[in-house]
Amino acid sequence: MNCGPFMKMGDGHIKQEDLIWLDKTLGERVQPGMKVLSINHYPLLDDLDNYKDYVNILKKYPVITHQSGHYHRWKQYETLGISGVMLRSLDMGKGDYGYSLLDVDLNRGWMHVYNMQLGAEPELKYAYKMNTDFDDFELDTQRNEVPAGFEVTKLFADNASIFTRLGVDDKCIYFGNSLGYCKAIDKVTAQVKWEFGTDAMLFARPAVSKKFIILPTADRRLVWLDKATGKMLWAHDANGPYVADGVIEGNVLYQGGYKTFQAWDVNKHKLVWQYDAINNYCQAAPVISGNDVVFGAWDTNLRVLNKKDGALKWSWNNGNTANLLSPGNVVPCVNADKVMIVAPDRVATALSRADGKQLWRVKNENKVRESLGMSPDGKVAYAKTMDGELVAMSLEGNEYKLLWKVDMGFGYEHAPCIVLEHNGYIYAGSRRGRLAVINAATHALEFTYTMGSSEVNGFEADAQGNVYCSLIEGTIYRISHK
């Protein structure tokens, strides 16, 4: 089985369409007397976010063993009755080159696993009886309880994985999936109104204007779609592939790309200006505030451009030359006088909005990463830590001040899901499909809710007060509060 991660800092993941294919294929091809050997890069453990969905399918068939790598070491284990074996890598270090040999004895029902080190005799690592009876093993289920006034609703389950955030307007929800389709679903009926196919997986949120859906694609195009029908009106090969979310303000789309950042006239579908001094991808959405366009890229730099002509006002980096420590996948907090970011270097940084001068930079026990949000009044920044906490930091004054923090119960965390405050509540999501809702006034954790097993992509609010989110496993949820 093919698997991810399909995004930076994503966990191992089997796409929804591949799980559907697996179940269909095994159902058609497994005949009486046959056995199934499951092979994947990841073991049937937590490293693979939807391993339980995988196991649910495997348990229907006589699976004798799940074979994996990933850890570059030997290990035998069992997951919900299925025997698993982690195998060596080609190079184990210190001149140890070799491979693994699985000797499947179907007549006797035994599996023998050998270490075939080059230049040495075969070494028996494991011998075990192959079990194919899984009837007594049940997957754990987690009970969800929602307090009075809240409602969490699963609106839609796609036939593919969803790597994009959602575009939302009064009538529809718009998203892209791993089969390359942009879809519009009705907010009330959850029925698909239209879909438009591209030639590669979609990673960028569809940008919503009054008349158009503008789709940044991984097949190098910006595509204008008719909002009502999904019909393609125009397409521009515009320095993609695109993996970044664009932002429409007024009549202009501000869109990060590969080694470029662009401003497009939405109605005329023409390029207004382009900034090309970027040495890697843009991934997160920019922030448009006043006359500034604020965004990060995977070339170590945070930049502020002039909104009118794309001229560089200032840029900043953390002094580290490693691209993977860049602020490339964080939406900055921007208020009247500050720009604040968190990044994979696990440091929170506040800069002067006027000139990029560093005001404070803090690395402490709160291991922040890429998950960030801001209060509507611009006074507080919220960041999710790698320990599953939410920390609130002051954006007033020129010194770092931790206001409060709350444990959301997520455990180890690295998902770059944005944090949203809306109508007095703060919404955060985990790498394992958990939703946390915090009271912004009391700082109390109102509730948590397990929506699925995979990463929450982000939160969007509509004019009616609802909050929406998508999960990588292909589901869309609505959180309502009365």
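Both backbone and side-chain heavy atoms feed into the values below; hydrogens, waters and symmetry mates do not. Residue numbers run from 1 in the order of the sequence given.
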Asks: For residues 97-117, pull every pair meeting salt bridge (Lys or Arg N to Asp or Glu O under 4.0 Å), keeping only residues two or more places apart or in separate chains.
Replies: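 Applying salt bridge (Lys or Arg N to Asp or Glu O under 4.0 Å) to every pair that reaches into residues 97-117, excluding sequence neighbours, yields D105-R108.
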Asks: Suppose we call two aromatic rings close when their centres sit under 6.0 Å apart. Are F261 and Y275 close by that rule?
Replies: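 No, they do not, as the ring centres are separated by 6.0 Å or more.
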Asks: Please enumerate all residues that pass side-chain contact (heavy atoms from CB on, under 4.5 Å) together with A244, with sequence neighbours excluded.
Replies: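 Counting only residues at least two positions away or on another chain, A244 forms a side-chain contact (heavy atoms from CB on, under 4.5 Å) with Q255, C282.
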Asks: What class does the angle between the rings of W404 and H443 fall in, given that below 30° is parallel, 30 to 60° is tilted and above 60° is perpendicular?
Replies: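 Because their plane-to-plane angle is under 30°, the rings of W404 and H443 count as parallel.
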Asks: Going by the rule side chain to side chain donor-acceptor pair (under 3.5 Å), which residues pair with Y54 if we only count those two or more places apart in sequence or in a different chain?
Replies: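 Result, side chain to side chain donor-acceptor pair (under 3.5 Å) vs Y54: S38.
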Asks: So, using ring-ring contact (aromatic ring centres under 6.0 Å, His included) as the criterion, who are the partners of H414 when residues are at least two apart?
Replies: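 So H414 forms a ring-ring contact (aromatic ring centres under 6.0 Å, His included) with Y412.
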Asks: Residues in ring-ring contact (aromatic ring centres under 6.0 Å, His included) with H13, at least two apart?
Replies: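 With sequence neighbours excluded, H13 shows a ring-ring contact (aromatic ring centres under 6.0 Å, His included) to no residue whatsoever.
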Asks: Is any side-chain heavy atom of C469 closer than 4.5 Å to a side-chain heavy atom of I479?
Replies: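 Side-chain contact under 4.5 Å: yes.
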Asks: With H481, which residues qualify under ring-ring contact (aromatic ring centres under 6.0 Å, His included), at least two apart?
Replies: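 By the ring-ring contact (aromatic ring centres under 6.0 Å, His included) rule, H481 matches F150, Y425.
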Asks: Going by side chain to side chain donor-acceptor pair (under 3.5 Å), name the residues that satisfy it together with Y99, two or more places apart in sequence or in a different chain.
Replies: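 Per chain and number, Y99 pairs via side chain to side chain donor-acceptor pair (under 3.5 Å) with no residue.
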Asks: Only distances under 3.5 Å count here; give the side-chain donor-acceptor pairs of residues 109-116 to other protein atoms, sequence neighbours excluded, each with its distance to 0.1 Å.
Replies:
from : atom 1 : to   : atom 2 : distance (Å)
N115 : OD1    : R88  : NH1    : 2.9
N115 : ND2    : E123 : OE1    : 3.2

Asks: Taking salt bridge (Lys or Arg N to Asp or Glu O under 4.0 Å) as the cut-off, I'd like each qualifying pair that reaches into residues 408-419, sequence neighbours left out, listed once.
Replies: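 Non-adjacent pairs meeting salt bridge (Lys or Arg N to Asp or Glu O under 4.0 Å): K384-E413.
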Asks: Return the set of residues passing ring-ring contact (aromatic ring centres under 6.0 Å, His included) with Y254 (not counting sequence neighbours), or none when no residue passes.
Replies: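 Counting only residues at least two positions away or on another chain, Y254 forms no ring-ring contact (aromatic ring centres under 6.0 Å, His included).
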Asks: With R73, which residues qualify under side chain to side chain donor-acceptor pair (under 3.5 Å), at least two apart?
Replies: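 With neighbours one apart ignored, the set is empty.
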Asks: For Y51, what residues pass the side chain to side chain donor-acceptor pair (under 3.5 Å) criterion, not counting sequence neighbours?
Replies: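 Side chain to side chain donor-acceptor pair (under 3.5 Å) check on Y51 returns nothing, list empty.
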